[in-house]
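What follows is a single structure, written as C-alpha cells, with notes after it.
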Amino acid sequence: MSLALGIFLAQLAIASLYALTGVGFVIIYRGTKVLNFAQGILALLGGYFFFSLSESLGWSFWISLPLAVVASGIFSALLYLLFLRSLLGVEPLRLVMVTIALSIVLTGGAQIVYGTATKYINVPFNGEFHLPFQVVLPTLDVAIMVTGVVLLGAFALFLTRSRLGLSMRAAAADARLATYRRVSVNSVSAFTWAVAGAGAALAGIAYGAQAGLSSSAGDVLGFAAFPAIILGGIDSVPGALVGAFVLAEVQGFTSAYWGGQYSSVVGYILLLLILVIRPSGLFGSREVVRL
Amino acid sequence: MRTQNRVASLLVAAVLCAPLTLAACSSGSSGSSSTSGSSGTSSSSGSSGSSGGDYQVGLSVDLSGPLASLGGPMRDGYASYFKQVNADGGINGHQVHLNVLDDQSTPTLGVANVKQFISQDNVSVIGALLSNVLVAAAPVAVANETPIMSNGTPNSSVFPAQPYVFAAGTLVGDEPGPMIQFASDRGEPAAAKVGIIMIQSAALSGFNSNLVKLSQQKGWKVVVNQQIPLTATSATSEALAAAHAKPNVIFCALLDPLFISAVKTLRQEGFTGLVINYDGGAAASTLQQLHDPNVAVISAYGYAGEVGATTGIAGYVEAAKAYGVNPSLPFEINGYAQAEIIATALKVCGYPCAGKNMENALEQVSSLNTGGVMVAPFTFSTTAHSGISGVQFFGWSSADNAPKAVSAVLPIPHIS
C-alpha cells in the first residue's frame, strides 16, 4: 500500500472521530443555539461510562455499549435541565460561559471519580480488514468509520425529516414562537442534549479504544473537533462530516510529508481561507452569519 | 410551586450524580484505577499538621491540568514515602509535612506556588514535576535561598550547577546516549537507518538535536524525523511516514497514548524493528497494552511488580498500598524516590533545616542506594546538581505478564 493511500485511509478513522465529537456541537447549536464547549468532556464521560461497565464490571461489549450511550444521553439531558434550562433566552455569551464552566467542573469530577491514570478500553475489533489491492485496515478503524458515517447520516435525516427534528429547529429559531406552536421547548432542548451526549459517547469510546482515556482527553477531542465543524458549517450535520474529512486529511498529509509540527498550522490556515471566502463554512446556513 | 421546583431540582441532581456514583463504585474495583489517599491541594502525609516542630516540604505538580495523569501519582509517591517515614518516627525525631499545590502544568501557577511555599509554609525544599515550572520558578526559589528539585529539568538549569537548583529525574536531553547504546547492543547494523517520532516541545528540543548528532557520530542515518503536536489525537500519519522510510530502528519521545498509536501503526505497516521510547511514555500499562518484544522504554526507576523485583521495589509497593494508591501508575515511583532523596538530605541537615544548610545537605547525598527504586546509585555534589547516574531499558514479559528489564544498567553521560 502506498504511503498516500495509507494516510488517506488512516485519516478516515480520525475524521470519523472528529465528526462523532463535532456533530454534538452542531446538534446542540441547531437545537438550542448554544455553542457547547463541554462537548469534549461529554465524549470523555461516555468513554468512562463504558469503561465502568465493560472493564470494571466485566460486562460484554454489546451490553456495555448501548448502556453507556444511553447513560451519556441521559446525563447530558440532565445537565441541560439542571444548568441551562433556567437560562433560556439569555445572551449566547453567557450560555457559552456556562458550558465552559461545566466542562471544567466535569473534568475535575471525572478526575476525582476515575483518577488520573490512563484507562484502556478493550473492544472486539482487534483484527485487520483486508480490501482489494493489498489494502489492510485495522478493524477498529473500519468500525469507527462506519459508525461515523451511519450515525451522521441518521442525524441528518432525523433533523430534516422527522417532526421532532423540525421541532428542534423551531425551538432554536424562536423559542417563544415555538411555544405558541405547542412545541415544548424544554423537552425538545433536553432531547437535543441527550442526542448530542449519546453521539459524543461513541466518540469517547472510540478514542478510548484507540489511545486510552485520561482526564485531558476531553480537551484533546473537543479542541480537535471544533475546527472541523467550523470548517463544515456550525449548523450543518453533513458539514460536520465533510469538515472533519477535509481537516483530518489535510492534517494527515501535512504531518507525513512536511512534518507534524506543521499540521495544526496548515489546518488552521485552511480554516481561515475557507472562512474568508465563505464565512458560514462549507455547508453552514447564511443565518449564522447574521448572528 | 417553588417547593415543587426545588424538589424536582434535587431529584434531577440525584439522578445526575447516579452515573458518577456507579462509576466510582465500579472504578474502585478496577485494578487499573487510582484512588488517591490525599486529594485536594494539601496533604499532611500522616503528620499531625503543620506544627512548628515538623519539617516542611513543598511540592508543585499538575493535579488538574493536561499532565494530571503524572502529577497525581507523583504526589502520591511523595506522600506514601513520608507517611512511612512519619510512622517510623520521622526524621531526626521530627515529622515531615508535605504541602502540595496544583500548578496545572502552567509556569504562572508554579511561580505562585513556590512563593506560597516560601512565604507561608517556610519549606526546607521544594519539589516539582515539570521543566517549564522549574525554569519559571527557580529564580524565585534562588532569590529566597530555597532549594528546588524537579523531575523534569532542562540541561541548561543544572549544567553548570546553579545554586539551589537540582535535577531529581533524568535529563531528557541526555537520554539519546543510552538509547543509541541500547539499540547498538541489540544488534542494529553499523550503517543503521534511524527514525525519530516525538512530540513537539521546547523541553525536547535537546533530545532531538542530540539524537540526530549522536546517530550521525555513530555513522547512522536519520531517514525520518517526525514531530507531533502535544495535543494530537493520534500519531498515525507520522508513524506511516516513518514506516515507509524503512528505518532499522525508531526512537520516540511520545507520551503514552501517542506511543501506543504510533507502535500499532508501525506494526500494521510491517515495521518489525526495535522501537524505543523516552521515559515520559514509559508506563507499565503502555508496555502491557503493546506486549511487543521489540518495544523498550528507558527508565531511571524500577517498576512495581517487575520480574525479579528488588527489596527497594517491594518497600515501595508496600508503602503505596499502605497509603491506598496503585503503585503501578507512572511517575509514582519518581515521587517516592524524590522523597527518599529529600529525606536523606534532611537526616544529614538536622533540625531545623533550610536555605544554604539544605542545599549543602542535598550536595552530600552521595551514592544513595534505593534498593532498586532507582536502578543506579543517586549522587549530588557541589559541582553536579543532576543525580541520576544510570538508566535501564524495560519491556513487557508476556510469560510473566509483568514489566521486565531488557538491558543492564547503562550510564547516562551528559551531552554538551
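Just so it is clear, the structure is predicted and the values come from calculations on it, not from any experiment. Values below: every heavy atom of this structure, side chains too, minus hydrogens, waters and symmetry copies. Residue numbers start from 1 in every chain, and the chains themselves are labelled A, B, ... in the order their sequence lines are given, proteins ahead of strands.
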Could you tell me which portion of A:Ile14 (side chain, backbone, both or neither) has an atom closer than 4.5 angstrom to a non-hydrogen atom of chain B?
side chain
Looking at OG1 of A:Thr118 and CG of B:Leu255, how far apart are the two atoms once the value is rounded to the nearest 0.5 Å?
9.0 Å
Would you indicate whether A:Phe125, at its atom CZ, is surrounded by more than 12 heavy atoms from other residues, nucleotides or ligands within a distance under 6.0 Å?
yes
So does A:Tyr257 have more than 12 non-hydrogen atoms from other groups sitting under 6.0 Å from OH?
yes
Can you see which heavy atom on A:Gln111 is nearest to which on B:Ala68, and at what distance?
NE2-CB, 3.5 Å
Would you tell me whether A:Gln251 and B:Ser237 have side-chain atoms, one donor and one acceptor, within less than 3.5 Å of each other?
no
Among A:Ala13, A:Ala77, A:Ala224, A:Pro138, which has the most heavy-atom pairs under 4.5 Å with chain B?
A:Pro138
Could you look at A:Tyr18 and say if it's the side chain, the backbone, both or neither that has a heavy atom under 4.5 Å from chain B?
side chain
What closest approach, in Å, do A:Gln210 and B:Lys264 show between heavy atoms, and which atom pair accounts for it?
O-NZ, 4.3 Å
Quick one: pull up CG in B:Leu240 and OG in A:Ser2 and give me the separation to the nearest 0.5 Å.
10.0 Å
Residues A:Ala256 and B:Ala241: closest non-hydrogen pair is O-CB, 3.6 Å
Given A:Ser255, which of B:Gln226, B:Glu238, B:Gln227 fulfils the side-chain hydrogen bond (donor to acceptor under 3.5 Å, both in side chains) condition?
B:Glu238
Taking the side chain as everything from C-beta on, heavy atoms only, tell me whether A:Tyr120 gets closer than 4.5 Å to B:Thr286.
yes
Give the minimum heavy-atom separation between A:Leu137 and B:Gln268, together with the two atoms involved.
CA-NE2, 4.4 Å
Residue B:Gln200 versus chain A: region with a heavy atom under 4.5 Å:
side chain
To the nearest 0.5 Å, what is the distance between OG on B:Ser234 and CG on A:Asp141?
8.5 Å
Would you indicate whether A:Tyr262, at its atom OH, is surrounded by more than 12 heavy atoms from other residues, nucleotides or ligands within a distance under 6.0 Å?
no
For each of B:Ser285, B:Ser328, B:Ala242, tally heavy-atom pairs with chain A at distances under 4.5 Å, and name the one with the top tally.
B:Ser285
Give, as side chain, backbone, both or neither, the part of B:Ala232 having an atom under 4.5 angstrom from any heavy atom of chain A.
backbone
Is B:Thr233 close to chain A through its backbone or its side chain, or both, or neither, when contacts mean heavy atoms under 4.5 Å?
both
Is A:Ser216 close to B:Ser69 at the side-chain level, that is, under 4.5 Å between some pair of heavy atoms?
no
To check you understand the geometry: which heavy-atom pair defines the closest contact between A:Gln11 and B:Thr236, and what is its length?
OE1-CB, 4.5 Å
